[in-house]
Student: 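One structure coming up, written as structure tokens, with questions to follow.
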Amino acid sequence: MSERDDDTGRELAGEPLREITTRGVIEIIPEDEFREALASGRKLRLKFGLDPSKPDLHIGHGVLLRKLRQFQELGHQVVLIIGDWTARIGDPSGQSATRPMLTAEDVRENAETYMRQFFHVVDRERTEVRWQSEWFDAFTLADVVRLAARFTVAQMLQREDFRTRFDAKKPLGVHELFYPLLQAYDSVAIDADVEFGGSDQLFNLLVGRELQTEVGQRPQSIFVMKLLVGTDGAQKMAKSMENTINFEDAPNEQYGKVMSLPDSALMEYLDLATDIPDEELDAIRSDLEAKSANPMDVKKRLASEIVAQFHGKPAAEEAAAEFQRVFQRHQTPQEMSEVSAADIKTYSVEQSEANAAPQYDLPHLLHDKGLVASVTEARRLIKQGAVQVIEGPGKGAVGGASAELGAGSVLKVGKHRFLRIVDSDA
RNA sequence: GGAGGGGUGGGCGAGUGGCUAAAACCGGCGGUCUGUAAAAUCGCUGCCCUGACGGGCUACGCAGGUUCGAAUCCUGCCCCCUCCA
């Protein structure tokens, strides 16, 4: 869907390259410089920085990581920078709660987790891992001042979130201004040729370019990448928005989250989160517009693609089957939490009639087994008719705070919380 | 250093002594309808006891105080913002 003339790309390396430089890419700054570098045949150093304070990678990051991977396949070198310094400073982002400084130990653990996820997508063999502490540990106050002196406050306030906070009279810590500076210095330290970032990172990326120029390095090119919307279909995917699909989510969870996407986000996900070729995407798009394809089927394809990326094809097929079973046919899932018949004895309720079926206290059972956040919530849900026994002894709607249960009973709470009572000797 | 404004539930934001577990809105959860999702619609949305009625306990930056009674008044402290120097 690029307005750009495709000829340049073709001349360089043909069709695949065109897709690499356009798919998910908003802008390459400056494009001609980048194409020159690419044409030179040099092995390019692709910078990617990570902040080890929040180790959950999600498929929004995936957009960038897959781009890195594509360049690796062309023979280029990824340089992964672990921001152990920027993470230790901590980013108060907005208001309140001065985030507790991470210890060196925390940072190391987080970095491990992060890398494990990172290399799900990016090729470890063609990645050089560098820690910020390699250069920042040696920094003196004089170095810091010299670095800071290269920029003005007005320049810093060009960054949108700084400016909005400043204009809105929200707190803006002085140390936060160092964020872009430290990150920029990373580019100098590793002699980056290209840096990738979401459109929200544009400012930081440009600072790196500027600093490199100042110290006489060839300035990096910048890939500004599109941001993926979250599962709410409205806001960008971000951990703080709780709208992420994580690399390490279980297959069923990833699949379910994709299926719960609003249809309006469908094409964007296909474009940014999968490697389905452009021509095929065009076909899907026109089928959807012509209503000759059912959005649900397209979404299932998307869900399978995504699960397969992280868990493999078989897992994707299982997740698809599970989704049909539980959500489309309203059958019982294959795996769910279980509790033994002996365990629930604790919850039995006194019966007035001696030979009545055994009754069990549901609110406490559900709470103790972690299906609900509080006993009160369980009571509410029961009152709202959200709790039922869908299999085995006591099968039927649950009206009160207790119900008949036995080995083989399956409790369902809301749409996707289940609990099975199993035989005691298991 | 001075003057002023402000810190309320997941978010935003009402509330100036009892009618306030705290409005409205958003978010979240649940029911119905759909039988991907969305939309629509109805309801719930601090914790604990209770079949229910009802009761108890915490909560409005922190710590004290006044009062029969405080998110609301007083004192001290912490933090944020604005203007002046």
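Throughout, a chain's letter reflects where its sequence line sits, starting with A, and its residues are numbered from 1.
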Student: Tell which nucleotide pairs with G51(B), taking only Watson-Crick or G-U wobble pairs whose two distances are both under 3.5 angstrom.
Tutor: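 Matched G51(B) with nothing under the 3.5 Å cut-off.
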
Student: Going by the rule side-chain hydrogen bond (donor to acceptor under 3.5 Å, both in side chains), which residues pair with D297(A) if we only count those two or more places apart in sequence or in a different chain?
Tutor: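 None.
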
Student: Say we look at A23(B) and G76(B): how far apart would their P atoms be, to the nearest angstrom?
Tutor: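 My reading of the P atoms in A23(B) and G76(B) gives 33 Å.
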
Student: Return each pair, listed once, that meets salt bridge (charged side-chain N to carboxylate O under 4.0 Å, His left out) where at least one residue sits in residues 147-156 of chain A; pairs must be two or more places apart or across chains.
Tutor: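 Qualifying pairs: R150(A)-E214(A).
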
Student: For nucleotides C12(B) and C48(B), find the distance between their C1' atoms and express it as a whole number of Å.
Tutor: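 Pairwise C1' distance, C12(B) against C48(B), rounds to 30 Å.
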
Student: What integer distance in Å separates Y269(A):OH from U36(B):C1'?
Tutor: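 Whole-Å distance recorded here is 15 Å.
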
Student: Rounded to whole angstrom, note down the P distance from G13(B) over to C77(B).
Tutor: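 Those two atoms are separated by 28 Å.
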
Student: Q328(A) CD to A37(B) C1': how many Å, rounded?
Tutor: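 Taking CD of Q328(A) and C1' of A37(B), I get 11 Å after rounding.
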
Student: Rounded to the Å, how far apart are H416(A) NE2 and G35(B) P?
Tutor: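 In whole Å, G35(B) P and H416(A) NE2 are 20 Å from each other.
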
Student: Quickly work out the L288(A) CG to A38(B) C1' distance and round it to whole Å.
Tutor: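 After rounding, the reported distance stands at 15 Å.
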
Student: Quick one: does any side-chain atom of S348(A) pair with a main-chain N or O of I344(A) as donor and acceptor, under 3.5 Å?
Tutor: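 Judged by distance alone, no pair lies under 3.5 Å.
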
Student: Ring centroids only, cut at 6.0 angstrom: are Y347(A) and Y360(A) within range, meaning strictly under it?
Tutor: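 No, the ring of Y347(A) stays outside the 6.0 Å limit from the ring of Y360(A), centre to centre.
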
Student: If you look only at pairs with a residue in residues 373-398 of chain A, which of them pass as a side chain to side chain donor-acceptor pair (under 3.5 Å), with sequence neighbours excluded?
Tutor: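 Sorted pair list: T332(A)-E391(A).
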
Student: Residues in side-chain hydrogen bond (donor to acceptor under 3.5 Å, both in side chains) with K412(A), at least two apart?
Tutor: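 For K412(A) there are no side-chain hydrogen bond (donor to acceptor under 3.5 Å, both in side chains) partners, ignoring immediate neighbours.
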
Student: When the distance from NZ of K415(A) to C1' of U36(B) is rounded to whole Å, what number comes out?
Tutor: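 After rounding, the gap between these two atoms is 12 Å.
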
Student: May I ask which nucleotide in the shown strands pairs with U75(B), Watson-Crick or G-U wobble, both distances under 3.5 Å?
Tutor: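 Per the H-bond distance test, A63(B).
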
Student: For RNA chain B, what residues of residues 369-387 of chain A have any heavy atom nearer than 4.0 Å?
Tutor: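 Contacts with RNA chain B under 4.0 Å: S374(A), V375(A), T376(A), R379(A), R380(A), L381(A), Q384(A), G385(A), A386(A).
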
Student: Compute whether any side-chain donor of one residue and acceptor of the other, for T140(A) and D143(A), lie under 3.5 angstrom apart.
Tutor: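 D143(A) and T140(A) do have a side-chain donor-acceptor pair below 3.5 Å.
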
Student: For D271(A), check side-chain hydrogen bond (donor to acceptor under 3.5 Å, both in side chains) against everything at least two apart and list the hits.
Tutor: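 Expected list: R23(A).
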
Student: Are OP1 or OP2 of C49(B) and a side-chain N or O of H364(A) less than 4.0 angstrom apart?
Tutor: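 For C49(B), OP1/OP2 do have a side-chain N/O of H364(A) under 4.0 Å.
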
Student: If you take the centroid of each ring, where Trp contributes its six-membered ring, are Y185(A) and F178(A) closer together than 6.0 Å?
Tutor: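 Ring centroids of F178(A) and Y185(A) are no less than 6.0 Å from each other.
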
Student: Using the C1' atom in both, what is the distance from C73(B) to U66(B), to the nearest Å?
Tutor: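 Comparing C1' positions in C73(B) and U66(B) gives a spacing of 8 Å.
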
Student: Nearest whole Å is fine: how far is G51(B) C1' from D361(A) CG?
Tutor: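 D361(A) atom CG is separated from G51(B) atom C1' by 12 Å.
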
Student: If you take any heavy atom closer than 4.0 Å to RNA chain B, which residues from residues 289-312 of chain A end up in contact?
Tutor: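 Contacting residues: M296(A), K299(A).
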
Student: For E404(A) and G51(B), what is the distance between atoms CD and C1' respectively, to the nearest whole Å?
Tutor: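 In whole Å, G51(B) C1' lies 18 Å from E404(A) CD.
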
Student: Please give the distance between the C1' atoms of A22(B) and G9(B) as a whole number of Å.
Tutor: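 It works out to 8 Å between them.
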
Student: Please determine, for A24(B), whether a Watson-Crick or G-U wobble partner exists with both distances under 3.5 Å, and give it or none.
Tutor: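 The answer is none; no pair meets the criterion.
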
Student: So which pairs with a foot in residues 238-262 of chain A pass ring-ring contact (aromatic ring centres under 6.0 Å, His included), sequence neighbours left out?
Tutor: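 ring-ring contact (aromatic ring centres under 6.0 Å, His included) check on residues 238-262 of chain A returns F247(A)-F310(A), Y255(A)-F323(A).
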
Student: Tell me which residues in residues 252-264 of chain A lie within less than 4.0 Å of RNA chain B, going by non-hydrogen atoms.
Tutor: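 Those residues are M259(A), S260(A), L261(A), P262(A), D263(A).
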
Student: In the structure shown, which nucleotide is the Watson-Crick or G-U wobble counterpart of U41(B), with both distances under 3.5 Å?
Tutor: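 Checking every strand shown, U41(B) finds its partner in G31(B), with both distances under 3.5 Å.
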
Student: Got a sec, which pairs hit side chain to side chain donor-acceptor pair (under 3.5 Å) with one end in residues 56-68 of chain A, sequence neighbours left out?
Tutor: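 Passing the test, one end in residues 56-68 of chain A: R66(A)-D275(A), K67(A)-Q70(A).
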
Student: When rounded to the nearest Å, what value does the distance between C1' atoms of U20(B) and A59(B) take?
Tutor: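 Approximately 12 Å lies between the C1' atom of U20(B) and that of A59(B).
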
Student: What distance, rounded to whole Å, do you find between the two P atoms, one in C79(B) and one in G43(B)?
Tutor: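 Approximately 47 Å lies between the P atom of C79(B) and that of G43(B).
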
Student: Specify the separation, in whole Å, of atom CD of Q324(A) and atom P of A37(B).
Tutor: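 Q324(A) atom CD is separated from A37(B) atom P by 13 Å.
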
Student: Pick the C1' atom in U8(B) and in U67(B), then give their distance to the nearest Å.
Tutor: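 Looking at atom C1' only, U8(B) and U67(B) are 23 Å apart.
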
Student: Sequence neighbours excluded, which residues qualify as side-chain hydrogen bond (donor to acceptor under 3.5 Å, both in side chains) partners of N294(A)?
Tutor: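 Residues passing side-chain hydrogen bond (donor to acceptor under 3.5 Å, both in side chains) with N294(A): none at all.
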
Student: Could you list the donor-acceptor pairs under 3.5 angstrom formed between side-chain atoms of residues 117-126 of chain A and any protein atom two or more places apart in sequence or on another chain?
Tutor:
unit_1	atom_1	unit_2	atom_2	d
Q117(A)	OE1	L57(A)	N	2.7
Q117(A)	NE2	P55(A)	O	3.2
Q117(A)	NE2	E248(A)	OE1	3.4
D123(A)	OD1	E125(A)	N	2.9
R126(A)	NH1	Q72(A)	O	2.4

Student: Scan every strand shown for a Watson-Crick or G-U wobble partner of U82(B), both distances under 3.5 Å, and answer none if you come up empty.
Tutor: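 Check on U82(B): paired to A3(B), both distances under 3.5 Å.
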
